[in-house]
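Remember, it's 1-based here, ligands and their atoms both numbered in the order they're listed. Counting begins at 1 with the first residue of the sequence.
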Amino acid sequence: MAAGLQFTGVKTLCPVSLRGGGSSCCLPVRSQRLHFASSVASVAEFSEFSNASARSCCRSRVLRVSCDGRVVDVLEKKETKNQSFGEAENQLTCVMKFGGSSVASAERMREVAELVLSFTNERPVIVLSAMGKTTNKLLLAGEKAVSCGVTNASSIDELSFIKELHLRTVKELGIDMSTVTPHLEELEQLLKGIAMMKELTLRTKDYLVSFGECMSTRIFAAYLNKIGVKARQYDAFEVGIITTDDFTNADILEATYPAVAKRLLGDWDFDPAIPIVTGFLGKGWRSCAVTTLGRGGSDLTATAIGKALGLREIQVWKDVDGVLTCDPNIYPRAEPVPYLTFDEAAELAYFGAQVLHPQSMRPAREGDIPVRVKNSYNPEAPGTLITRARDMSKAVLTSIVLKRNITMLDIVSTRMLGQYGFLAKVFSIFEDLGISVDVVATSEVSISLTLDPSKLWSRELIQQELDHVVEELEKVAVVNLLQHRSIISLIGNVQRSSLILEKAFSVLRTNGVNVQMISQGASKVNISLVVNDNEAEQCVRALHSAFFE
Ligand SMILES: Nc1ncnc2c1ncn2[C@@H]1O[C@H](COP(=O)(O)OP(=O)(O)O)[C@@H](O)[C@H]1O
Ligand SMILES: N[C@@H](CC(=O)OP(=O)(O)O)C(=O)O
């Protein structure tokens with residue numbers, strides 16, 4: 001078989017003719033798949049194959065060639081034959097993200113590995129969350145460490161739980177203990193450090209929770225390698241997920257996309273192995289410290305990687321049969337929603353459906369990459385397919401979402417009717433205080449709005465901040481602060497709002513519930529109703545029965 005030479009990376013090279021493996025050939029330059037090895041800026045690397053179309057069977061010599069075509073050195077590279085993955089001409093095809101519930105134990109990791117391998121036509125990037133409830137346990141351990149004293153830090157219950165879970169998993173999977181022991185030792189040291197300092201900053205919190213994803217991905221990669229499937233573990237903060245420095249709730253920056261593409265595609269081109277990437281984590285662009293993307297942030301990691309690599313599909317595997325008509329914890333008979341648009345899914349996530357991270361639809365929408373929500377416990381279920389557009393001709397209501405414990409403000413201008421600048425003044429106060437607003441309803445002299453605990457999931461607005469907002473607003477208005485409210489969001493086809501509202505208000509009237517605010521935004525997919533917290537769940541159940549049963 002004729003020897004082929006595979007181009008694996010250099011900045012700008014013209015086609016070069018060189019001699020290798022006994023035959024000479026002309027090298028194509030594939031511009032969009034270049035990766036830049038800074039240490040060998042003027043040296044190109046070429047892998048030499050006995051069969052150009054099957055890298056898994058390649059003879060594995062890497063010729064490093066200078067710009068003038070001289071062979072600088074020849075590296076021998078050992079390659080294991082991939083099971084299912086690694087056709088040289090085949091690129092990575094999709095992202096598969098598995099949440100904590102999907103990888104909660106050794107048994108689950110085995111099942112997930114089987115599931116991944118059952119997709120014989122896919123060459124996936126795998127994104128994993130921490131095992132089970134590890135993130136919660138790490139946060140609790142950190143909080144306990146602040147006040148328990150250095151001598152007690154090693155015996156914090158949550159630390160023992162995490163150690164036991166990870167060591168047992170490694171043992172049951174038959175992989176080396178050293179896959180996690182350095183991390184477990186470092187984790188213990190970190191907790192002692194927190195105990196010594198008696199403080200847990202947001203930056204330290206992020207570093208602390210990163211241990212969860214760092215260990216789950218190492219375990220899974222080691223297991224795949226053990227069963228003969230070549231896999232490579234990546235920490236998101238090393239792979240190019242670059243974020244703002246908003247610890248515990250960082251945003252992904254644009255620089256992420258080329259950086260991740262360069263690294264993952266470059267490595268795949270050079271030596272194909274399934275990438276196993278930590279979800280949830282990033283690297284602050286100024287601090288260079290580990291950041292996190294907010295609770296549930298692995299969904300966002302998955303969609304960001306999908307966009308970066310321009311993949312065909314992003315799959316997020318959960319413990320439910322897709323996005324459901326409402327939270328199954330409120331109404332267990334909730335049904336899967338087969339199709340959603342990015343806008344519907346984003347609205348649903350933003351207004352409280354825990355199933356998707358609020359920001360996760362953005363990269364998918366920008367890259368126009370379909371997102372499929374599937375159940376790793378029930379892979380046969382069709383799940384939910386989220387795309388840019390869908391047939392809305394028959395759609396009325398898609399899903400009902402509840403966001404609890406919301407603060408609402410009624411703001412009435414102290415000035416006369418017809419005064420301009422009132423809305424601008426009110427919103428400039430929120431801007432100055434860095435507080436964002438969820439739902440708004442206005443008249444000329446009054447505004448009702450609900451406050452988004454500015455960075456979703458991570459913190460509640462504390463009383464001091466609320467007092468400050470009210471104090472500032474009282475300079476221009478009479479303010480009524482109403483706490484313990486809930487937003488019920490009706491996600492669906494707002495073109496049919498009259499039908500939706502007629503039915504919804506009839507249900508609410510029958511249940512004796514008074515709606516305190518209503519907003520039908522420009523999103524065209526969401527009508528929000530504000531009710532008292534203590535009536536909210538009953539409302540959702542009644543609305544669900546009326547619309548879906
Ligand atoms: N509308 C909804 N559809 C589906 N699941 C929902 C919905 N609202 C809340 N959930 C909850 O979200 C959970 C799945 O999300 P999450 O816990 O983040 O999954 P994972 O950790 O596997 O990524 C479900 O178990 C369910 O309890
Ligand atoms: N482990 C993180 C990130 C995450 O996305 O988790 P999950 O996929 O299990 O929701 C968390 O618990 O927030």
Q: Heavy-atom contacts with Lys97 under 4.0 Å: which atoms of ligand 2 show up? List them by number with element.
A: 8 (O)
Q. Any N or O of Ser298 that comes nearer than 3.5 Å to an N or O of ligand 2?
A. yes
Q: Could you tell me whether Arg541 and Glu537 have a side-chain N and a carboxylate O separated by less than 4.0 Å?
A: yes
Q.
Students should be able to answer this: which protein heavy-atom is nearest to atom 12 (O) of ligand 2, and at what distance?
A. Arg295 NH2, 2.9 Å
Q) Side chains of Asn532 and Gln516: do they bring a donor and an acceptor to under 3.5 Å? A) yes
Q. Tell me: protein heavy atom nearest atom 6 (O) of ligand 2, and distance?
A. Ser129 OG, 3.4 Å
Q: Would you kindly specify which portion of His357 sits under 4.0 Å from ligand 2, judged on non-hydrogen atoms: side chain, backbone, both or neither?
A: neither
Pairs under 3.5 angstrom, nitrogen or oxygen on both sides, ligand 1 versus protein: list them out, please.
residue	atom	partner	partner atom	Å
ligand 1	1 (N)	Leu324	O	3.3
ligand 1	3 (N)	Leu324	N	2.8
ligand 1	17 (O)	Gln354	NE2	3.1
ligand 1	22 (O)	Ser101	OG	2.9
ligand 1	23 (O)	Lys97	NZ	2.8
ligand 1	23 (O)	Lys318	NZ	3.0
ligand 1	25 (O)	Asp319	OD1	2.8
ligand 1	25 (O)	Asp319	OD2	3.4
ligand 1	27 (O)	Asn329	ND2	3.0

Q.
Check whether Thr217 reaches the backbone of Glu213 with its side chain - one donor and one acceptor, N or O, closer than 3.5 Å.
A. yes
**Q.** Nearest protein heavy atom with distance in Å, relative to atom 9 (O) of ligand 2
**A.** Gly100 N, 2.9 Å
Q.
Checking Met177 against Leu167 for the side chain to side chain contact (heavy atoms under 4.5 Å, CB included) test, could you report, in this order, the C-alpha distance in whole Å, the side-chain angles of both residues, the deciding distance, and whether it holds?
A. CA-CA 7 Å; Met177 288 288 172; Leu167 290 172; 3.8 Å; yes
Q) Purely on distance, is any nitrogen or oxygen of Gly296 under 3.5 Å from one on ligand 2? A) yes
Q. How are the rings of Phe211 and His183 set to each other: parallel, tilted or perpendicular (split at 30° and 60°)?
A. perpendicular
(Q) I'd like to know if the side chain of Thr169 reaches the main chain of Ser105, judged simply by a donor and an acceptor atom lying under 3.5 Å from each other, with no hydrogens or angles considered. (A) no
Q) Would you say Gly279 contacts ligand 2, with heavy atoms under 4.0 Å as the rule? A) no
Q: Looking only at distances, please establish whether an N/O atom of ligand 2 is found under 3.5 Å from an N/O atom of Asp299.
A: no
Q) Of all the atoms in ligand 2, which lie at a distance below 4.0 Å from a heavy atom belonging to Glu213? A) 1 (N), 2 (C), 3 (C)
Q | Side-chain donor-acceptor pair present, Gln538, Asn511, cut-off under 3.5 Å | A | yes
Q: Answer yes or no: is there a donor N or O on one side and an acceptor on the other, between the side chain of Ser360 and the main chain of Leu300, under 3.5 Å?
A: no
Q.
Looking at Asp176 and Ser178, would you say the former's side chain and the latter's main chain have a donor-acceptor pair under 3.5 Å?
A. yes
Q. Does Gly294, backbone or side chain, put an N or O under 3.5 Å from an N or O of ligand 2?
A. no
Q) Is the backbone N or O of Met408 less than 3.5 Å from a side-chain atom of Thr450, with the two atoms forming a donor-acceptor pair by type? A) no
(Q) Within the 3.5 Å criterion, strictly below it, is a donor on Tyr207 or Glu186 matched to an acceptor on the partner's side chain? (A) yes
